[in-house]
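Shown next, in structure tokens, is the structure this report addresses.
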Amino acid sequence: MNLFRSEEHVARWLAGRAPGTTISVRKLSELAEAWWGDRLSPNWTPHSRAQNQEILDRLGLSGDFWRLPG
């Protein structure tokens with residue numbers, strides 16, 4: 001994972017290479033909270049693949065990169 005100040009910073013860092021997937025720090029924070037926020041609950045159980053995919057979908061993270069393997 002790399003953090004960048006702007007889209008222009010990403011473009012400079014890529015130097016013409018094809019980009020991967022990028023998300024904002026805000027979206028990363030939302031993802032972290034949704035994915036890990038319940039881990040300290042005494043009743044915690046691991047999320048299923050379907051539950052994890054629902055998190056990604058709910059946050060609007062779509063496309064091949066965000067599709068979990070079946």
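None of these values were measured; they are calculated from a predicted model.
Counting only residues at least two apart or in different chains, salt bridge (charged side-chain N to carboxylate O under 4.0 Å, His left out) contacts with residues 29-45 comprise K27-E30. The salt bridge (charged side-chain N to carboxylate O under 4.0 Å, His left out) pairs that include a residue from residues 59-70 are D57-R67, where partners are two or more places apart or lie in different chains. Sorted by first then second residue, the ring pair (Phe, Tyr, Trp, His ring centres under 6.0 Å) pairs that include residues 24-46, not counting sequence neighbours, number zero. Applying the ring pair (Phe, Tyr, Trp, His ring centres under 6.0 Å) definition to pairs two or more places apart or across chains, none involves residues 51-70.
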(message) Applying side-chain contact (heavy atoms from CB on, under 4.5 Å) to N2 and V10, what does each step give before you reach the verdict?
(response) CA-CA 9 Å; N2 293 308; V10 172; over 6 Å; no
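Take Q51 and apply the side-chain hydrogen bond (donor to acceptor under 3.5 Å, both in side chains) test, not counting sequence neighbours, and it matches S48. For A34, the side chain to side chain contact (heavy atoms under 4.5 Å, CB included) partners two or more places apart in sequence, or in a different chain, are I55, R58, L59. For E7, there are no side-chain hydrogen bond (donor to acceptor under 3.5 Å, both in side chains) partners, not counting sequence neighbours. Contacts of S62 classified as side chain to side chain contact (heavy atoms under 4.5 Å, CB included), with partners at least two apart in sequence or in another chain: none. H9 pairs by the ring-ring contact (aromatic ring centres under 6.0 Å, His included) definition with F4, not counting sequence neighbours. When the side-chain hydrogen bond (donor to acceptor under 3.5 Å, both in side chains) test is applied to T21, no partner is found at least two apart in sequence or on another chain. Taking the side chain to side chain contact (heavy atoms under 4.5 Å, CB included) definition, one finds that L3 meets it with M1, V25, sequence neighbours left out. Partners of N43 by side chain to side chain contact (heavy atoms under 4.5 Å, CB included), not counting sequence neighbours, listed by chain and number: S41.
Within a 6.0 Å sphere centred on CG of L40, other residues, nucleotides and ligands contribute 12 heavy atoms or fewer. The neighbour count for R12 CZ, taken as heavy atoms of other residues, nucleotides or ligands under 6.0 Å away, is above 12. Heavy-atom neighbours of R17 CZ from other residues, nucleotides or ligands within 6.0 Å: above the threshold of 12.
We find the CG-CD distance between L68 and Q53 to be 4.5 Å, quoted to the nearest 0.5 Å.
Both L28 and L61 sit in one connected hydrophobic cluster of ILVMFWY residues. Membership requires side-chain heavy atoms under 4.5 Å apart, directly or through other members.
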